Amino acid sequence: AQSVAQPEDQVNVAEGNPLTVKCTYSVSGNPYLFWYVQYPNRGLQFLLKYITGDNLVKGSYGFEAEFNKSQTSFHLKKPSALVSDSALYFCAVRDSQTGANNLFFGTGTRLTVIP
Amino acid sequence: EADIYQTPRYLVIGTGKKITLECSQTMGHDKMYWYQQDPGMELHLIHYSYGVNSTEKGDLSSESTVSRIRTEHFPLTLESARPSHTSQYLCASSEQGASSYEQYFGPGTRLTVT
């Protein structure tokens, strides 16, 4: 079965400190991995994706993610957190088994950046 | 500007009423989706469509129905709303047959059934 896991419901980090939001995946075949962010009362916004190529993927708003095949992880990172980064973050993986190519989303991690 | 729209943004309605949540996109995407999300919780796919006249059920069983008569329009209907339908409904779209598969989301409709 294909899935993603976000082991932390909540991550707190001080403004200016580096942040990491964790995601691990389980897929058959090559993984297509995504990060989305959701601000209060809004839809999801696409941040970045890994399809192939460099393991370090750069995305919107200064975020990046590191694909690690041996650890089956795709952690989201940012060198210096801003208070405005506080939001709900979702990791997702493409469904490559059914042919529908839908996305499976994780349960989300709430990031709070403390001023 | 290409975008995806949902109306209404907020809806409070009584039990037993019929409601339709609207979703339209101007990105020319063939594939569209509906997700149900309780506040601050995970997303559950309830319907998707590959294109005109195509509708499929998602991973989460839902009493709602959808239609796809036009490429840009993917409305969701509840024939008889119940309090258990109270949730946020998110519409999304993506290119069909693309290699990237990322989905683009509308702002959502927050539905409250009293």
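Note that the structure is predicted; figures quoted are calculated from it, not measured. Any value given below was found using the heavy atoms of this structure, including those in side chains, with hydrogens, waters and symmetry copies removed.
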Is there a path of hydrophobic side-chain contacts, each under 4.5 Å between heavy atoms of I/L/V/M/F/W/Y residues, joining Ile13(B) to Tyr10(B)? no
Hey, does Gln37(B) have a side-chain heavy atom less than 4.5 Å from the side chain of Phe90(A)? yes
Using the six-membered ring wherever Trp is involved, compare the ring planes of Tyr104(B) and Phe46(A) and label them parallel, tilted or perpendicular (cut-offs 30° and 60°). tilted
Donor-acceptor check, side chain of Arg9(B) to backbone of Asn41(A), threshold 3.5 angstrom: yes or no? yes
Spell out the residues in residues 43-51 of chain B that have some non-hydrogen atom less than 4.5 Å away from a non-hydrogen atom of chain A, in order of number; otherwise answer 'none'. Leu43(B), Leu45(B), Tyr48(B), Tyr50(B)
Under 4.5 Å between side-chain heavy atoms, hopping through other hydrophobics if needed: is there a path connecting Tyr89(A) to Leu56(A)? no
Hey, any chance Val57(A) and Tyr61(A) share a hydrophobic cluster, counting ILVMFWY side chains that come within less than 4.5 Å of each other, even indirectly? yes
Contact part of Gln38(A) toward chain B, heavy-atom cut-off under 4.5 Å: side chain, backbone, both or neither? side chain
Looking at OH of Tyr35(B) and CG of Leu103(A), how far apart are the two atoms once the value is rounded to the nearest 0.5 Å? 5.5 Å
Considering heavy atoms only, which positions within residues 9-21 of chain A lie below 4.5 Å of chain B? none
Which bit of Gln6(B) comes within less than 4.5 Å of chain A, counting heavy atoms only: side chain, backbone, both or neither? neither
Do Tyr39(A) and Phe63(A) belong together in a cluster built from hydrophobic side chains that touch within less than 4.5 Å? yes
Per-residue contact mode, Leu44(A) against chain B (heavy atom under 4.5 angstrom): both
According to salt bridge (charged side-chain N to carboxylate O under 4.0 Å, His left out), does anything in residues 30-39 of chain B pair up with another residue at least two apart or in another chain? List the pairs. none
What is the distance from atom CD1 of Ile51(A) to atom CD of Glu102(B), rounded to the nearest 0.5 Å? 7.0 Å
Taking CZ in Arg110(B) as the centre, count heavy atoms belonging to other residues, nucleotides or ligands within less than 6.0 Å. Is the count above 12? yes
Would a line drawn from the ring center of Phe105(B) to the ring center of Tyr36(A) be shorter than 6.0 Å? yes
Determine, using the 4.5 Å side-chain heavy-atom cutoff (strictly less than), whether Leu82(A) and Leu48(A) are members of one ILVMFWY cluster. no
If you apply the rule side chain to side chain contact (heavy atoms under 4.5 Å, CB included), what do you find for Asp59(B) with Phe104(A), and how did you get there? CA-CA 10 Å; Asp59(B) 307 314; Phe104(A) 289 121; 3.9 Å; yes
State which residues pass salt bridge (charged side-chain N to carboxylate O under 4.0 Å, His left out) with Glu63(B); sequence neighbours excluded, sorted by chain then number. Arg82(B)
For Gln88(B), which atoms come within 4.5 Å of any heavy atom of chain A: side chain, backbone, both, or neither? side chain
